Enquirer: 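There's a structure below that I have some questions on.
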Amino acid sequence: MTTLVPPATIAFIGLGMMGRPMATRLAEAGFTLRVFDVSQKAVSDFVGAHPSAIATASAKAAAQGAAALITMLPDAKIVRQAVLEGRDPAIDGLEAGALVMDMSSSNPVATQQLARDLALRGMALLDAPVSGGVKRAVDGSLSIMVGGAAADLERARPVFATMGKTITLCGPAGAGHALKALNNYLSAAGLVAMCEALVVGEAFGLDPGTMVDVFNSSTGKSNATEVKGRQFVVSRTFAAGFTTALMAKDLRTAGEVAAHLKLKMPNLEQAVAYWTDADARLGKGADHTEIFRYAEMLAEAD
Ligand code: NAD
């Protein structure tokens, strides 16, 4: 098992809001990238900006000759399609011994199954979802939550080190994905609480900017108040770069984990329903910080 150091070849699938800056960090560190995305524009934009990267037309083609594969895709179903079951999946191009890293926020139960399926083909899987958003993907300071074998993490450490500052081994396969979904439950809960507080405060006559400043110097402080309050919510730019649809998916994942373990979590169940309805009502592509608009809509409903 060789450690993945530049110029090792990595297949990178999924060049979206997060995948693009993460792959950029790898290219700039000297890794050889073979990239694929169903959006041809995403691929040509990336290769245009990083001429050393190789554009490919399928997951299988990206995987050919690669020592490792990274997926940064919307959800576990799409990851499974790209890696194992879709048209020209990566598995048909990978060689035994290759390391697969799913950095998407996937469902941990599906990840456990994927790890078993890949092991039958002689391949190890690390789940390695990230937290920190687009800004920290760009500057390489993501928090990376790893599930899998410690030896595989050591193999992958130089790869993760280009993208993240905090790399935590959380447990066996699926542990990273479970922790990521639970993290986003906390993140979403803090954001909704801030938005509801702002709606009530504004109606009372408080200035929203002042409210956020006071939260940030008081016990109400959270990632929502510090990072999203003034920048994306009070300004109404709603441009954090993470969609309501993906946040709703993460909450459903957290809810599914609780249900799988037969645990009753009323607050989590309510959050799942809240974000799923918000996703339907805010429209396709809405940023997750637009949950403020949803809170405003609900406040005015009879
Ligand atoms: P995105 O929608 O911007 O990017 C996903 C990319 O995958 C798109 O370019 C899309 O064309 C591509 N794609 C979809 N299906 C494909 C397939 N079958 N084969 C190849 N490419 C395919 O999403 P994102 O915001 O980059 O998020 C990616 C993952 O990271 C999600 O699981 C998300 O929950 C998670 N995440 C996002 C953020 C964020 O701030 N945006 C932060 C942490 C984690």
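FYI, the numbering just counts along the sequence from 1. Remember, it's 1-based here, ligands and their atoms both numbered in the order they're listed. For clarity, every value in this text was computed on a predicted model and none was experimentally measured.
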Enquirer: When you look at CD of Gln40, are more than 12 heavy atoms from neighbouring residues, nucleotides or ligands closer to it than 6.0 Å?
Expert: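 12 or below, so no.
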Enquirer: Applying salt bridge (Lys or Arg N to Asp or Glu O under 4.0 Å), which residue pairs with at least one partner in residues 103-120 are found, sequence neighbours left out?
Expert: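 Listed by first then second residue: Arg80-Asp117.
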Enquirer: Quick one: table the atom pairs, ligand 1 N or O against protein N or O, below 3.5 Å, distance rounded to 0.1 Å.
Expert:
residue, atom, partner, partner atom, Å
ligand 1, 3 (O), Met17, N, 2.9
ligand 1, 9 (O), Asp37, OD1, 3.4
ligand 1, 9 (O), Asp37, OD2, 2.6
ligand 1, 11 (O), Asp37, OD1, 2.6
ligand 1, 21 (N), Val38, N, 3.3
ligand 1, 26 (O), Met17, N, 3.2
ligand 1, 26 (O), Met18, N, 2.8
ligand 1, 32 (O), Leu73, O, 3.0
ligand 1, 32 (O), Pro74, O, 2.9
ligand 1, 32 (O), Ser105, N, 3.0
ligand 1, 32 (O), Lys249, NZ, 3.1
ligand 1, 34 (O), Lys249, NZ, 2.9
ligand 1, 41 (N), Gly241, O, 2.9

Enquirer: Using a distance-only test with no angle check, is there a side-chain donor-acceptor pair under 3.5 angstrom linking Asp279 and Thr244?
Expert: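 There is no such pair between these side chains.
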Enquirer: Run the ring-centre check on Tyr274 versus Tyr294 and record whether the distance is less than 6.0 Å.
Expert: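 They qualify: ring centres under 6.0 Å apart.
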Enquirer: Could Arg20 and Asp37 be called an ion pair, given the rule that one side-chain N must be under 4.0 Å from one carboxylate O?
Expert: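 Salt bridge between Arg20 and Asp37, a charged N being under 4.0 Å from a carboxylate O: no.
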Enquirer: Salt bridge or not between Arg25 and Glu28? Use side-chain N to carboxylate O under 4.0 Å.
Expert: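 So Arg25 does not pair with Glu28 through a salt bridge.
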